[in-house]
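Because only heavy atoms are used, hydrogens play no part in the values below, and waters and symmetry mates are left out as well, while side chains stay in.
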Amino acid sequence: MTPSERRTLLNQDPNQKPPAATAEVAQEPRKKQWLWTILFVALAAVSVLAVVLQSREFSISQFISFIGSASIPWLVVSFCSMLCFILFEGLAVLHLCRAFGYRRGLKNGFLYSASDIYFSAITPSASGGQPVSAYFMVKDGIPGMLVTVALVANLYMYVLAILAIGLICFLCYPDAFMGFHPFSKLLIVIGTVAQVGLGSFFYLLLKHDTLMHRICGGCLHFLCKIRLLKKEEEKQAKLTAYMEKYRQYSGLLSAHKKELLVVFLYNFIQRASQIAVTMFTYLATGGELAQAGRLWALQGYVVLGSNMVPIPGAMGVSDYLMLDGFRSVMSESAAVNLELLSRSFSFYICIILCGITTICGFRAVKKRSSK
């Protein structure tokens, strides 16, 4: 693409609307957020109960004592590590947008990330995360097709970061993997293979716009066939026009290899930060510093084994893998206590914070619209 074409693309109307289907999808999770939240709370309660029942020695008083004996400074580090998990996804998305001339603030990036994390946690297969993040990005004046390309590229780097962390775990702590039970090992292997497949799929979406066009066209045809949408020919024509812009943006993306490397690093730090919450919580509760790396690797394997499970937040599966891994280095009661406390920081408190941020984001958009 010539420099003049690039300038024309970047100087287009920043208030450009996304495709109709994208806008509809973005609004849908907002309408059903309370239903998904109730389901999330129910699953969370069941998951916690299942973890508690894993140890006959567990008691609430013992768990409170376990928390009370924890090191406050290490718990603060654990909490900050969780915040980094939210922050660095936002930085990755902001960096991609800035590469195309759309500069948005850190507050915007935090909202994009928090809404993605929140809806990814409460909806099956993380189906609600990216549409809601896209909704806020479009409301901030970022063109719909740039939003699509940026989110697909970020997902691609996200998957590569998970695979890179998995490779580090396998190279540095192969014996930690061997400490899992056979079923857990199977989940980890399946999760790794699924991540490779998902990464390949996102690569194709970025490099071969015709694939994206066929997928979107097929979805439009299906929605029209079941009478959820009307005027298929008109919508297919609009899709073709939008896909031309997608081709231009994805083509420009290949010229920003340095920016993609930075986005990969942001995603790597993001995933590493979330995994490190367990390690810091272990150190806070009197764990040995010499075992900290092993705890990080165990949690890395948990991410590989649970990331593709079509359950909101992979609840149940993550808990099972964490307990299975922790038991290889500590007693059963200690494993249950550590799992509950570290999961509270890395997941439950994180989701509450992201939920509050998302609600504030919706209210801010509504307030701007009313003005």
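Residues Val303 and Val189 share a single hydrophobic cluster, defined by chaining ILVMFWY side chains whose heavy atoms lie under 4.5 Å apart. A single hydrophobic cluster is seen to contain both Phe183 and Leu298, as judged by linkage of ILVMFWY side chains at heavy-atom distances under 4.5 Å, directly or through other members.
A distance of 9.5 Å separates CE in Met279 from OG in Ser273, rounded to the nearest 0.5 Å. The structure places CZ of Arg104 at 6.0 Å from OH of Tyr112, a figure rounded to the nearest 0.5 Å.
Contact between Ile142 and Cys97 at its shortest, heavy atoms only, is CD1-SG, 3.8 Å. Considering every non-hydrogen atom in both Val329 and Leu295, the closest pair reads CG2-CD2, 4.1 Å. Taking each heavy atom of Ser306 and Leu321 in turn, the nearest pair found is N-CD1, 4.0 Å. Shortest non-hydrogen contact noted between Val263 and Met157 is CG1-CG, 3.8 Å.
Between the side chain of Ser78 and the main chain of Phe280, no donor-acceptor pair closer than 3.5 Å is present. A side-chain donor-acceptor contact under 3.5 Å links Thr192 to the backbone of Ile188. A side-chain donor-acceptor contact under 3.5 Å links Thr357 to the backbone of Leu353. Listed for the Gln299 side chain is no donor-acceptor partner under 3.5 Å among the backbone atoms of Ile275. In this structure, Tyr156 contributes its side chain and Leu198 its backbone to no donor-acceptor pair below 3.5 Å. A donor-acceptor contact shorter than 3.5 Å is absent between the side chain of Ser331 and the backbone of Arg327. Not one N or O on the side chain of Asn267 forms a donor-acceptor pair closer than 3.5 Å with the backbone of Phe264. The backbone N or O of Phe110 lies less than 3.5 Å from no partner atom in the side chain of Ser113, so there is not a single donor-acceptor pair.
Looking only at atom types and distance, the side chain of Tyr158 has a donor-acceptor partner in the side chain of Arg271 under 3.5 Å away. In summary, the side chains of Gln130 and Asp116 do present a donor paired with an acceptor at a separation below 3.5 Å, with no hydrogens or angles considered. Side-chain polar atoms of Ser342 and Thr281 form no donor-acceptor pair below 3.5 angstrom. Under 3.5 Å, the side chains of Asp140 and Tyr102 contain no donor-acceptor pair of N or O atoms.
Residues Leu91 and Leu106 have side chains in contact (heavy-atom distance under 4.5 Å, counting atoms from C-beta outward). Side-chain contact check for Phe66 versus Leu340: every heavy-atom pair is 4.5 Å or farther apart. Proximity of Ile117 to Cys350: side-chain heavy atoms (C-beta onward) are separated by under 4.5 Å at one or more points.
Taking the charged nitrogens against the carboxylate oxygens, Lys185 and Asp324 have no contact shorter than 4.0 Å, which rules out a salt bridge.
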